[in-house]
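The sequence lines fix the lettering, A, B, ..., with proteins before strands; numbering per chain opens at 1.
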Amino acid sequence: MEIITAVKGFKDILAPETDTWRHIETTALDVFRTFGFSEIRVPLVEKTELFRRGIGESTDIVEKEMYTFIDRGDESLTLRPEATASVIRAYLEHGLPTAESITKLFTIGPMFRRERPQKGRYRQFHQIDVEVLGPDAPQIDAELILMLMHFLGRLGCEQLSLQINSLGCAQCRPVFREAVVRYLSAGKDGLCPDCLRRLDTNPLRVFDCKVEQCGEVIANAPLLLGFLCPPCADHFTKLQACLNLFSVPFRVNPKMVRGLDYYTRTAFEVTTQSSGAQNAILGGGRYDHLVRDLGGPDVSGIGFAIGIERLAALMPEGKTYGAPGPRLFIAALGDRAVESGFTLCNRLRIQGIPVEIDYAGRSLKSQMKRADKMQSSFALIVGDREIEENSALLRNMHTGTQDKVALDDVDAIITILAR
RNA sequence: GUGGGUGUAGCUCAACUGGUCAGAGUGCCGGGUUGUGGCCCCGGAGGCUGUGGGUUCAAGUCCCAUCACUCACCCCA
């Protein structure tokens with residue numbers, strides 16, 4: 001009979017990778033708490049309408065990447081392709097806008113997009129999502145970025161590049177957009193087919209086209225920074241000043257445009273050289289109208305999402321985050337020894353000591369091999385001889401020395417193990 | 001959705017132009033004098049060479065199809 005395999009683009013994560021993930025998550029929890037964030041857990045499934053309104057009807061995500069299904073024959077539900085919309089939905093549903101003036105939330109979990117899988121890109125992938133709802137002071141943007149760079153530093157990730165840009169607001173962006181369309185339409189002949197399409201759908205995206213020819217056309221295109229209205233320009237300047245205050249290295253990339261429609265003003269991205277084509281490990285930005293568009297009050301928000309798969313791939317080589325081997329391995333010879341080994345083993349575990357034992361009745365030699373392979377600190381050898389006198393041999397696996405101990409004197413054993 | 005690459009033991013990979021080619025390393029299990037790990041030595045289990053067709057006297061090796069995995073485009077974390 002054939003085994004059933006996992007669905008395309010859906011991955012199992014086993015140790016030692018799970019250990020790395022756990023380390024990433026606990027570090028995030030620690031850092032984010034320090035910066036005043038609390039965790040929120042939101043459902044994996046939402047009404048489809050939430051994402052249509054939140055992410056934007058014309059985005060690729062909504063157009064062709066969502067896992068959408070009809071529940072009970074009438075309601076359209078969707079596996080979340082991102083977390084921001086869900087977090088804001090919860091924020092509104094629980095009355096948080098009026099309960100507090102600023103809300104700082106993070107959530108960690110799987111997202112689902114039905115794209116063709118490739119390196120660093122899966123149909124179920126995982127994100128650490130962080131959102132600040134309420135005020136729109138540039139200091140908020142700055143400390144959010146400061147926090148995430150600090151987080152990445154804590155993990156020991158190197159060779160990362162932070163890029164920031166301002167996408168303007170409802171006042172200044174349309175003017176810029178028009179200028180870009182005008183400029184690109186004039187230089188149409190030099191654009192690739194994809195960009196010609198973008199010209200209609202999302203002209204700003206022409207900026208990050210990888211085709212060389214398009215790059216030449218874009219080289220002299222008008223830049224958004226030149227079109228920023230005074231409030232937006234001021235916001236962006238202050239953000240940079242704050243980042244400089246903490247010596248956060250960043251590069252202003254006026255050609256960086258984020259994929260999602262809802263971003264306004266600050267947008268940022270952290271990329272890496274390694275990791276293949278999917279080099280963005282994190283992206284985020286401010287959104288001035290998303291909360292309102294989802295039926296809430298007119299408050300601003302800013303957030304970012306880190307791709308855990310992509311981040312995990314950048315973790316320092318050679319470091320392991322798994323549990324060390326057991327403190328003790330019990331090598332039991334014979335039925336009676338196995339019986340008392342079972343008792344002792346689980347007594348010690350309940351005392352909080354990691355202990356392993358082999359019930360298979362193998363030779364002492366193979367049990368010792370196993371103890372060694374598991375990197376156990378000690379081995380306890382119990383055979384008929386020892387059982388007769390209620391004793392056991394406690395062997396230090398590093399030094400090779402061993403002492404006779406009383407088999408039922410759990411305290412004495414613990415004392416030696418603790419050394 | 002489009003294009004490229006790859007499919008041989010649990011894992012990493014061999015097998016020249018089709019002809020003992022079904023292998024190695026590693027891992028797993030066991031053994032190397034009585035009940036003692038790491039190094040070393042020996043042995044064992046484990047694969048209808050992804051699947052289905054075709055060409056041929058003969059196919060892991062060539063052709064077609066299919067599935068899976070993978071990389072890239074689109075897009076994005």
Side-chain angles (χ1 to χ4, degrees), chain A residues 2-3 5-9 11 14 55 58-66 80-84 108-130 148 192-195 197-198 201-202 205 208-211 256-260 268-272 275-285 303-314 325 329 331-334 337 358 360 362-387 392-402:
Chain A
E2 280 201 356
I3 60 166
T5 59
V7 177
K8 181 199 280 284
K11 298 285 178 202
L14 320 194
I55 300 172
S58 65
T59 57
D60 275 22
I61 294 177
V62 171
E63 256 176 21
K64 51 186 194 192
E65 295 172 0
M66 294 207 300
R80 62 180 188 194
E82 57 130 53
T84 304
I108 301 176
M111 309 295 155
F112 306 85
R113 290 182 203 171
R114 201 181 182 295
E115 302 174 88
R116 190 81 162 255
Q118 69 185 71
K119 190 178 180 66
R121 195 224 226 104
Y122 310 101
R123 290 182 172 182
Q124 176 179 329
F125 58 104
H126 299 75
Q127 289 186 336
I128 300 174
D129 186 84
V130 179
L148 79 87
C192 69
D194 278 327
C195 282
R197 182 175 49 74
R198 290 183 181 114
T201 57
N202 195 346
R205 294 213 66 82
D208 50 19
C209 180
K210 290 164 189 162
V211 178
M256 180 187 72
V257 293
R258 302 277 318 142
L260 279 55
F268 54 95
E269 215 172 77
V270 173
T271 56
T272 174
S275 270
Q278 310 309 319
N279 63 349
I281 68 160
L282 159 175
F304 65 86
I306 303 175
I308 299 184
E309 282 84 354
R310 294 180 185 181
L311 177 59
L314 298 178
F329 185 93
L333 300 162
D358 184 357
R362 278 187 255 268
S363 69
L364 177 58
K365 175 174 179 162
S366 64
Q367 295 196 60
M368 290 302 289
K369 273 190 178 173
R370 186 152 176 70
D372 184 56
K373 189 153 295 169
M374 297 180 91
Q375 299 191 51
S376 181
S377 311
F378 289 87
L380 189 76
I381 300 160
V382 192
D384 291 338
R385 290 210 291 263
E386 286 72 26
I387 291 286
L393 294 171
L394 186 55
R395 179 182 179 84
N396 182 315
M397 296 295 281
H398 300 302
T399 64
T401 58
Q402 55 190 38

Nearest-Å distance once atom P is located in both A24(B) and A45(B):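 Straight-line distance between the two P atoms is 12 Å.
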Pairwise P distance for A77(B) and C40(B), with rounding to whole Å: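 That atom pair is separated by 50 Å.
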Toward the 5' end of RNA chain B, by each residue's nearest nucleotide, Arg385(A) or Gln127(A):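 The answer here is Arg385(A).
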Whichever of Arg114(A) and Gly9(A) has its nearest RNA chain B nucleotide further upstream toward 5':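 It is Arg114(A) whose nearest nucleotide is closer to the 5' end.
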Gln402(A) vs U36(B): side-chain N/O to OP1/OP2 distance below 4.0 Å: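 For Gln402(A), the contact criterion (side-chain N or O under 4.0 Å from OP1 or OP2 of U36(B)) is not met.
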As a test of reading the structure: which of [options] is closest to the side chain of [X], going by heavy atoms?
X: Arg113(A); options: C74(B), C76(B), G35(B); value: C76(B)
X: Leu393(A); options: C69(B), U36(B), C75(B); value: U36(B)
X: Met368(A); options: A77(B), G37(B), C75(B); value: G37(B)
X: Leu364(A); options: G37(B), U36(B), C75(B); value: U36(B)
X: Glu386(A); options: C76(B), A72(B), G35(B); value: G35(B)
X: Leu333(A); options: C69(B), A77(B), G35(B); value: G35(B)
X: Asp372(A); options: C75(B), G37(B), A72(B); value: G37(B)
X: Arg116(A); options: G3(B), G35(B), C69(B); value: G3(B)

Gln124(A) vs Lys11(A) side-chain heavy atoms within contact, under 4.5 Å: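 Answer no - side chains too far apart.
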For a quick check of understanding: with a heavy-atom distance under 4.0 Å over all strands, which category does [X] fall into, base, sugar-phosphate or nothing?
X: Tyr122(A); result: base
X: Ala305(A); result: sugar-phosphate
X: Leu282(A); result: sugar-phosphate

Dot-bracket summary - RNA chain B, pairs being Watson-Crick or G-U whose distances fall under 3.5 Å, with | when paired to another strand: (((((((..((((.....[...)))).(((((.......))))).....(((((..]....))))))))))))....
Atom pair CD1 (Ile128(A)) and CD1 (Ile306(A)), whose distance is rounded to the nearest 0.5 Å: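 That separation rounds to 4.5 Å.
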Gln367(A) side chain to Ala332(A) backbone, donor-acceptor under 3.5 Å: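 Checked: pair present.
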Donor-acceptor contact present, side-chain Arg123(A) to main-chain Glu115(A), <3.5 Å: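 Checking the backbone N and O of Glu115(A) against the side chain of Arg123(A), a donor-acceptor pair under 3.5 Å is found.
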Minimum heavy-atom separation for [X] to [Y], with atom names?
X: Gln127(A); Y: Ala83(A); answer: OE1-N, 4.4 Å
X: Ala392(A); Y: Glu386(A); answer: CA-CG, 3.8 Å
X: Arg370(A); Y: Asp358(A); answer: CD-OD2, 4.2 Å

Expected rows: protein N/O vs nucleotides 44-47 of chain B N/O, under 3.5 Å:
none

Set out, line by line, the N/O atom pairs under 3.5 Å between protein and nucleotides 28-31 of chain B.
from, atom 1, to, atom 2, distance (Å)
C28(B), OP1, Lys373(A), NZ, 3.0
C28(B), OP2, Lys373(A), NZ, 2.8
G31(B), OP2, Ser363(A), OG, 3.4

Glu115(A) (side chain) and A77(B) (base): donor-acceptor pair under 3.5 Å: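 When only heavy-atom distances are counted, Glu115(A) does reach the base of A77(B) through a donor-acceptor pair under 3.5 Å.
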